[in-house]
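Small disclaimer: the values here were computed from a predicted structure and weren't measured. Each chain gets a letter, A, B and so on, in the order the sequences are listed, and its residues count up from 1.
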Amino acid sequence: MATSMHKLSARNSKNRLWLVLLIGCMLASLDTVKAQERTVRETVAAAAAASTPGEQREIILTLKAKPSPEAVKWLEKWKEGGIFLQKGEGDLVTPVLLTGDADRDGGYATLRVSDNSPLLGSDGKAIRINPKEVEFADTDSGLRRAMKEVSDLAALANPDTVKRIRAIQDSAIGQKQEKLPSLLLLKSIEKDPGALHALDEAIAIIQLRSPVVAERIGACTKLGEMSSIPASDTIKTILTEAVAAKDTATIIAAKKALIAIDAHISRINAVGTAFRGLSLGSVLLVVAIGLAITFGLMGIINMAHGELIAVGAYTTYVIQNIFATGLKLSPLGFSISIPGMGLSGSGLAMYFAVAIPASFIIAALVGVLLERSVIQFLYKRPLESLLATWGISLVLQQILKFIFGSNNVQVTSPAWLSGNWTVNDIVFGWNRVFVISFAVLIIVITWLVLNKTSLGLLIRAVMQNRNMAACMGIRTERVNTMTFAFGCGLAGLAGAFLSQIGNVGPQMGQLYIVDSFMTVVVGGVGNIMGTVISALGIGVADQTLQQYLGNPVIGKILVLGAIILFLQWRPAGLFVTRSRSLD
Amino acid sequence: MSNQPITSRVQLPSLILSAVFLVILMPLLNSFGLISDFTLGNWGKYLCYGILAISIDLLWGYTGLLCLGQALFFTLGGYMMGMHLMRVIGGAGVPTFLSMVGRTEWPSFFGPFSSFPFAIAMVILVPGLIAAIFGYLAFRSRIKGVYFSILTQALTYGAALLFFRNELLMGGNNGFTDFRTLLGFSLREMSTKRGLYIATAVLLVAVVAACKWLTNSRFGLIQRAIRDSENRVLFSGYATANFKLFIFVISAIIASLAGALFVPQVGIINPSEMETGKSLEAVVWVALGGRGTIVGPIAGAISVNVLKSWASSGATADFWPLMLGGAFVLVVLFMPKGIMGIPEQLQGLLKGIGRKKENTKDLSPSPILSDESDLLSSGSTPTGES
């Protein structure tokens, strides 16, 4: 007992030293520390040169006083067998790195581990070493354990909060009691609330395996309060053990904790499903909003809507390549080369800001072309507009294939889109956040255009009663063209948006066409608000069914069936545009 | 409205002649080696498509219901026949499509399909029942025009998603293939193929005759009245929903029979046959041939498919979608009555030239369109009021 106390205090004092240095490390005053001590390189060199494994371990463990990423890097190198031992006179051993290319004899240039200077022979010339002829610094299990201790500590002291939190969480795995002191110490100096939370959790999880019963119960209660998901499995084992041992207090605490954790998990799932549903709904919304204009307001069954989405996506692709290294296309054997601006990094990342308006404009121009050439003759024949626009969609698809080839093209999305944001164990992927905000943006733009501009006023007037509007002196033909172009432009925006989260190919539009029509029909034709609500409703319903059935396709089929039944109840969709007319 | 009285004097003999040619002469010529086996096989396919086209025309041309789900009924009929053909292959164990998903025995619903009459009953019943349920729901709540088209498309889309799943035990995206025999005759024998061709041609002739009779009856009159103005028919005291339901079920069964004959001839059935594009393609045949006529859709189906098998291989393959799509746009814009309407259009054009001197203030895009505007706006509400 006394010896163990002694050992503990010894470890504490060692840890206190480490704590002081850790604070120093966090205050970024590494340089002064360096000046006083052996550098990391020198330590590693000394350790590699030490004669017995015991000695080596002792020296390595001194690195714990200053756990830096650099130390981790050197230890990794050592473990990989990258440090070679050049034997000099007597017992002198110099640890070196090999660099550069091999010469004829298989020799490499050398660099001392201790100070990065070349190793010189007695004649003053640089020595070249053949790695086959010298030993490399080996490791045994004890040494690797010591190295692991150093690198674990280094991770815990990582100045990057995210990485530090991950290291803290990792340290709880296996519930090794000997990790407790260092975590407790870290807790006393940690300031970041996220890291503190992780520390509390990790400490409690380790305490679940504490030899003291009261501590175990305390940890259970605490983890229950924290609704800690990683602790769930351990608490379950503890519960079975406690049941076997008839330890009532532990049973109660563990059961309570498990109930709290389960409630938390189902809460997370519900919020996660709602969030995924919302983002799927936003995708539907963005894809369908253009159709809500061309089909909903104008009555054109635009089967080429999907291809206009593809036009927008390909515009994004072209803009991206213009910002990067340029693009070579060969439609029908003609070779077209578009020069690039050769940007990279943040300059290249700006391409999306240009691609958004560009995809709108290009798709809108295609829309003008279609309206003037075909659709203007079909306003009174909606069924035939369906057929003609399907023909157009075939033609557009084939043109896209001619220009860009029939394979998918690569559009790189910004790196930040793949990150996520975790609140209370609920993961919000940035791509989904982007999806939702983009949808909000598009809705706001559409609403503003339709309700706050004079063009919007004309659009609404013509769509409500084309003949009356014409009598009032509105140039309905021009308004028709503008409206159709606006709807197509919105489809182009949807393409720019889909290029960031999905594949870009000539057939990409076909994936969305049925869904967009369903969205508009359910929402009620001629009503933008209806489209918004129906898109979000379909999205959430789809994700909820998926969550319960665990099968995306069956979920989708059920949604389609539900839509057909829904239209029984409300044949004209959610929002009916009332009129006294009868055909 | 209808052009039957004008052309029926010419039509009947020529119809009988073509029937004799298709049913008797083609197989005869084939057995003498004047028509290659390959050509006869292709024509068997075209005639199946022709029957499918008639089923669309019954709905669209005569009743004003543009159904984008006919490919579903066609494929369902094919699957029912496919189930029978798979069942009679025989041999030990189960076919790959079942062993692939870990089944060692036939699922129970395959059992009765080893009987040919049962399979034929299913070819009629399954699509008929689906059409009846869907049609009842749709027509009861008075879903029409564009909404009907979009809903039938959604139905087809949902069914295609379902059939692509392996769990349905219908072969997933590979479907059924490698058929051996039908009613004990080997499907690889030319005589069996010829028999199938004759069966198809006979079915086509029967369907044409039945449709002729149906559309010239009082029923056909109400059908066309529904197409032209459903509300007036409704106000005259007819339950239009029942009429529409009847014709919807009938045309589903016709499409299904065509599918059932199609499968043993091409030797494969898979869910790609019911993708949304397939229904639209069949609608193209009808539009090109001339809707509202019986012969038009067949002519459209055959001519488009002859063109397709010529153009969609080799160097012109890439241009086939361009041709199909472009032709479709042009037909919709300039030939609303398709091939069958050409003589009438030429007549109208000649008259129009004569009239133009008196009446120059014609605002519509072409004289043809304005003459027929009554027919063209059928089955839809004027956009300004919807």
Side-chain angles (χ1 to χ4, degrees), chain A residues 295 298-301 303 373-374 376-399 401-402 463-468 510 513-514 517-518 521 525-526 551 553-554 556-557 559-561 563-565 567-572 577 579 581-583, chain B residues 60 64 66 68 134 137-138 140-143 145-147 149-151 153-159 161-162 164-165 167 229-231 275-277 280 283-284 287 318-322 324-333 336 365-366 369 373 376-386:
Chain A
F295 171 46
M298 302 185 74
I300 295 294
I301 327 291
M303 295 298 279
S373 60
V374 177
Q376 62 159 325
F377 304 113
L378 299 173
Y379 284 119
K380 291 200 169 146
R381 300 192 275 159
L383 276 183
E384 268 134 290
S385 72
L386 186 159
L387 305 178
T389 49
W390 186 64
I392 293 173
S393 94
L394 282 185
V395 172
L396 282 180
Q397 257 181 51
Q398 195 56 43
I399 292 176
K401 270 185 203 165
F402 280 146
M463 297 319 140
Q464 274 175 24
N465 194 329
R466 199 172 261 122
N467 295 335
M468 189 56 78
Q510 296 298 308
I513 191 79
V514 176
F517 271 109
M518 296 314 287
V521 168
V525 166
N551 186 329
V553 176
I554 302 294
K556 188 153 191 169
I557 293 167
V559 168
L560 284 174
I563 289 172
I564 292 173
L565 288 179
L567 290 174
Q568 294 299 304
W569 172 51
R570 301 203 71 133
T577 317
S579 117
S581 67
L582 195 61
D583 61 313
Chain B
W60 184 33
L66 178 53
L68 298 183
F134 181 82
L137 290 174
R140 192 194 58 148
S141 53
R142 302 181 65 186
I143 290 170
V146 173
Y147 298 94
S149 308
I150 293 170
L151 273 186
Q153 189 180 33
L155 178 76
T156 316
Y157 179 62
L161 287 179
L162 193 64
F164 271 117
R165 307 285 305 174
E167 290 93 318
S229 177
E230 187 176 349
N231 282 319
E275 277 174 348
T276 48
L280 279 159
V283 171
V284 182
D318 284 344
F319 293 91
W320 170 244
L322 282 187
L324 185 66
F328 208 14
V329 175
L330 293 179
V331 166
V332 168
L333 283 184
S366 89
L369 294 187
S373 59
L376 302 177
S377 60
S378 60
S380 62
T381 56
T383 17
E385 296 165 13
S386 58

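The candidate from B/Gly326, B/Gly158, B/Pro321 with the greatest count of non-hydrogen atom pairs under 4.5 Å with chain A is B/Pro321. Considering only heavy-atom pairs separated by less than 4.5 Å from chain A, the leading option among B/Leu322, B/Leu155, B/Leu330 is B/Leu322. Of the listed residues (A/Phe517, A/Trp569, A/Trp390, A/Phe295), the one with the most heavy-atom contacts under 4.5 Å to chain B is A/Trp390.
Within the 4.5 angstrom heavy-atom criterion, only backbone atoms of A/Ser373 (N, CA, C, O) approach chain B. Contact annotation for A/Leu560: only side-chain heavy atoms (C-beta onward) come within less than 4.5 Å of a heavy atom of chain B. For A/Val395, the parts lying near chain B are the backbone and the side chain together; criterion is any non-hydrogen pair under 4.5 Å. Only the side chain of B/Val284 comes within contact range of chain A, judged by heavy atoms closer than 4.5 Å. Both the backbone and the side chain of A/Leu387 have a heavy atom closer than 4.5 Å to some heavy atom of chain B. Only the side chain of B/Leu68 comes within contact range of chain A, with at least one heavy atom under 4.5 Å from a heavy atom of that chain. At a 4.5 Å heavy-atom cutoff, A/Leu396 makes no contact with chain B through either its backbone or its side chain. Using a 4.5 Å cut-off between heavy atoms, B/Phe164 makes no contact with chain A at all. Contact of A/Leu386 with chain B is made through the side chain alone, with heavy-atom distances under 4.5 Å. Heavy-atom distances place no part of A/Met468 under 4.5 Å from chain B, backbone and side chain included. Interface remark: A/Ile513 contributes no atoms to any contact with chain B (heavy atom separation under 4.5 Å).
Here the CD1-CG distance, from A/Ile557 to B/Leu162, works out to 4.0 Å after rounding to the nearest 0.5 Å. Between the CD atom of B/Gln153 and the CD1 atom of A/Ile301 there is a distance of 10.5 Å, given to the nearest 0.5 Å.
The ring-ring contact (aromatic ring centres under 6.0 Å, His included) search around B/Tyr157 returns none, not counting sequence neighbours. Among residues two or more places apart in sequence or in another chain, the ring-ring contact (aromatic ring centres under 6.0 Å, His included) test is passed with A/Phe402 by B/Phe319.
Under the 4.5 Å side-chain criterion, counting only non-hydrogen atoms from C-beta, A/Leu567 is not in contact with B/Leu137. Taking 4.5 Å as the limit, some side-chain heavy atom of B/Phe134 sits within range of a side-chain heavy atom of A/Ile564.
Contact detail for A/Val553 and B/Leu161: the closest heavy-atom pair is CG1-O, 3.7 Å.
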